[in-house]
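One structure is given here, and the rest of the page talks about it.
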Amino acid sequence: GGNRRSRARCSDHCVGLLLRVSSLEPPLWKPPTPLRTLLHRIPVRTIFESHPEDGVSAIAISQDAKYLATISAGTRVCVWKWTLPTEKPMCSTELRPEFGHQEYVIFNPQNPREFVSNSKTQVIFYLWVSRDIGRMLSASATPTFNSVVGHFSQSVFHFNNSQALTGTSAGKLVVWDVVGPHTPSKELQAKPHSMKATKLVPMQKDSLTVLKVYESCIVTGDVKGQVKFYDGQLQFLTCYSRSKVGPIRSISFSKTPPDPPSASPSDSSNSVSLTLNRNFILSTSDATVLRVATDRTNFEKVMEEAKKAVNAVACHPRQALVAVGSDCGLLKVWDYQQTKHLVSRIFTEAGIQCLSYDPQGYFLAAGFTDGSVYILDAISLQSSCREFKFSRGPITHISFSHDSEYFATADEKYSVTVYKSVLQNGSRRWEHLAGLHSHYKPIRSILFGVQLDSNEPRLLSLGEDRQLVEYDLNSSSKDHLVVLHRDRIEQMAVPLCLAWYPQLSTESFILTANNRYKMKLYNTTTKMCR
Ligand SMILES: *[C@@H]1O[C@H](CO)[C@@H](O)[C@H](O)[C@H]1NC(C)=O
Ligand SMILES: *[C@@H]1O[C@H](CO)[C@@H](O)[C@H](O)[C@H]1NC(C)=O
Ligand SMILES: *[C@@H]1O[C@H](CO)[C@@H](O)[C@H](O)[C@H]1NC(C)=O
Ligand SMILES: *[C@@H]1O[C@H](CO)[C@@H](O)[C@H](O)[C@H]1NC(C)=O
């Protein structure tokens, strides 16, 4: 977004509205790192508590950049004149709950007093009246056609007449128009109520996900990643597509023509390509941003983020680096002070479940859903040795000892596996030492510490089976992990996590928290609850 025509979008849980009403300068894709450009924007006005109960689920800005329409995740619709120093909307209305969760809203570019929103099943037209602030008329429209309409995705006002259009998951466009006698004096009040579905136009087989008006074109985006352009009578003009582009979530046009004017202005025979001489940016629901150069039909990846859940985050112990791992196998390292993406690696075999840097920050260990463990160089993310495959279930925890002599993993099959470092030709390597099926319910923590009387590491694990297990690393040998102590630390409650308590007195403690909202201190030697 960023230019006057585009909408800001907010998550369901956003309470304030951040607004920057000026053009992006320089244009979004000029610098090699577009995200940085965005992050350098500053908010010029923040409306806190716009929808304190439910948060904002849809937002639009009017063509003249004066007004905002917001819709809460509940039923409230507000219009704001954002330059006013008040925290109150100019007008608002409540929708009937049966209209459904309104997911999209857009102003009529020709009239800032008019806007339309839609849920999956209802389209609602609004008119607010400046002379009579506080009044807002709305009318809902459900189409009545004898064929499958599908779920509504997005709506737009036609650029050239009184129509509005809504795209559907059945690949159709619903055409809405003012029906009934025109009585100009009453039009203001009557218009929202007289918008009726007049036509259902089948456009294509695939679901339409995005609908836009750009100059004198109707633009659609779909689940196959195709962008199609139509004229005002919905005659097909052109299509931009490339394989492996995910479902389109948004389309944003450049405000300026491409740098070297590639389409020669004298080429009047092809007025379509002249009209479309604007590059655009697509975002897709698989978290990719693409730039499309219309003169070359060229799709260029601007950024790619995690398509699935982010399961793992680890901070570098010495530098401003954060590693982020996703279920889709994408591992990314960012410099969080410069907000700069440094390096990434995609693992195709399995998803990343957990990450941990070693205490010196030379290595990054990654645990995967297929039970494999990779030790990566912290800078390049290259594997520093062959991956380990000693766990039979997804790795849930991974941790290094303070001296990097050991690292250990816990997995979903209730096993703890320990790896020991060896010096090989002057460089550090890890070797599998031993594993043990030491719990019979999910493991909640593995914790390295330091022996009280020496600088040797110690290792504990805690499971939902209420067992706190301490291992004897010194006596363990290849394929033989020795248990030093096994203590049942709860009777009824289930322990959930484990940490070292700071040494505040002469006695040293382990801190646990359980599912009965209790924290407990245990003597680190006797494991007695204090
Ligand atoms: C608007 O509609 C009129 C009449 O339907 C047509 O002649 C005109 O070309 C249209 N304008 C644009 C920009 O499409
Ligand atoms: C260690 O270095 C020697 C000599 O450079 C080499 O022959 C040997 O293969 C190396 N060992 C390993 C395990 O890399
Ligand atoms: C570890 O074992 C070695 C010999 O096997 C012994 O000398 C050392 O004291 C032990 N360390 C600890 C902390 O028990
Ligand atoms: C554990 O408790 C015993 C008995 O109260 C005490 O002597 C010992 O110092 C405690 N251990 C630690 C590590 O604080």
Side-chain angles (χ1 to χ4, degrees), residues 314-315 317-318 354 356-361 363 365 367 395-411 414-422 428 430 433-530:
C315 274
R318 299 188 174 174
C354 50
S356 176
Y357 282 100
D358 80 301
Q360 281 74 42
F363 298 100
I395 308 290
T396 54
H397 297 77
I398 194 159
S399 182
F400 282 90
S401 66
H402 70 290
D403 54 5
S404 294
E405 280 298 311
Y406 295 94
F407 80 88
T409 64
D411 61 53
Y414 319 141
S415 292
V416 170
T417 309
V418 178
Y419 301 80
K420 193 175 189 324
S421 119
V422 287
R428 195 186 280 282
W430 277 271
L433 180 64
L436 189 66
H437 190 230
S438 49
H439 292 270
Y440 60 89
K441 283 192 178 171
I443 297 172
R444 299 297 305 225
S445 282
I446 52 173
L447 187 67
F448 273 105
V450 186
Q451 303 284 358
L452 286 171
D453 48 1
S454 69
N455 198 33
E456 298 286 311
R458 60 193 288 200
L459 173 64
L460 301 117
S461 66
L462 177 67
E464 288 180 18
D465 54 9
R466 306 185 175 88
Q467 301 283 314
L468 178 64
V469 180
E470 176 153 15
Y471 304 86
D472 185 349
L473 294 173
N474 205 29
S475 311
S476 295
S477 53
K478 180 70 184 156
D479 293 327
H480 184 57
L481 185 55
V482 179
V483 169
L484 187 63
H485 293 289
R486 182 182 279 281
D487 298 279
R488 185 183 166 108
I489 61 161
E490 294 278 3
Q491 292 308 310
M492 306 299 289
V494 178
L496 299 178
C497 49
L498 178 67
W500 297 107
Y501 192 70
Q503 184 91 41
L504 300 176
S505 64
T506 53
E507 197 169 349
S508 76
F509 297 109
I510 290 169
L511 176 68
T512 69
N514 70 30
N515 69 338
R516 302 271 172 100
Y517 313 107
K518 287 207 169 86
M519 293 192 180
K520 292 188 177 182
L521 291 175
Y522 296 88
N523 177 305
T524 57
T525 322
T526 64
K527 312 283 169 42
M528 296 290 286
C529 179
R530 293 300 299 270

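One-based numbering, in listed order, for ligands and for the atoms of each.
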| Atoms of ligand 4, numbered as shown, that sit under 4.0 Å from any heavy atom of T524 | 13 (C)
| message | Could you check whether any side-chain heavy atom of T525 comes within less than 4.5 Å of a side-chain heavy atom of L452, counting everything from C-beta outward? | response | yes
| request: Would you check if V450 and W500 make a side-chain contact, meaning some heavy-atom pair closer than 4.5 Å? | output: no
| said: As a test of the contact definition, would atom 11 (N) of ligand 4 count as having a protein heavy-atom neighbour under 4.0 Å? | reply: yes
| Should L473 and E405 count as side-chain neighbours, where that means a heavy-atom distance under 4.5 Å? | no
| Does the protein put any heavy atom within less than 4.0 Å of atom 14 (O) of ligand 4? | yes
| Residue selection (non-hydrogen contact nearest atom 3 (C) of ligand 4) among T525, I510, N523 | N523
| task | Evaluate the criterion ring-ring contact (aromatic ring centres under 6.0 Å, His included) for residue pair F407 and Y419; output intermediate values, then yes/no. | result | CA-CA 5 Å; F407 80 88; Y419 301 80; 4.4 Å; yes
| message | Please check whether T526 reaches ligand 4 - meaning an N/O of the residue sits under 3.5 Å from an N/O of the ligand, judged on distance alone. | response | no
| For E490, the option from N514, N515, T512 that meets side chain to side chain donor-acceptor pair (under 3.5 Å) | N514
| request: State, with a plain yes or no, whether a side-chain heavy atom of Y406 is found less than 4.5 Å away from one of L433. | output: yes
| task | Just jot down the ligand 4 atoms closer than 4.0 angstrom to any heavy atom of L452, in number order. | result | 13 (C)
| task | Considering only non-hydrogen protein atoms, determine which one is nearest to atom 5 (O) of ligand 4 and report residue, atom name and distance to 0.1 Å. | result | R530 NH1, 4.0 Å
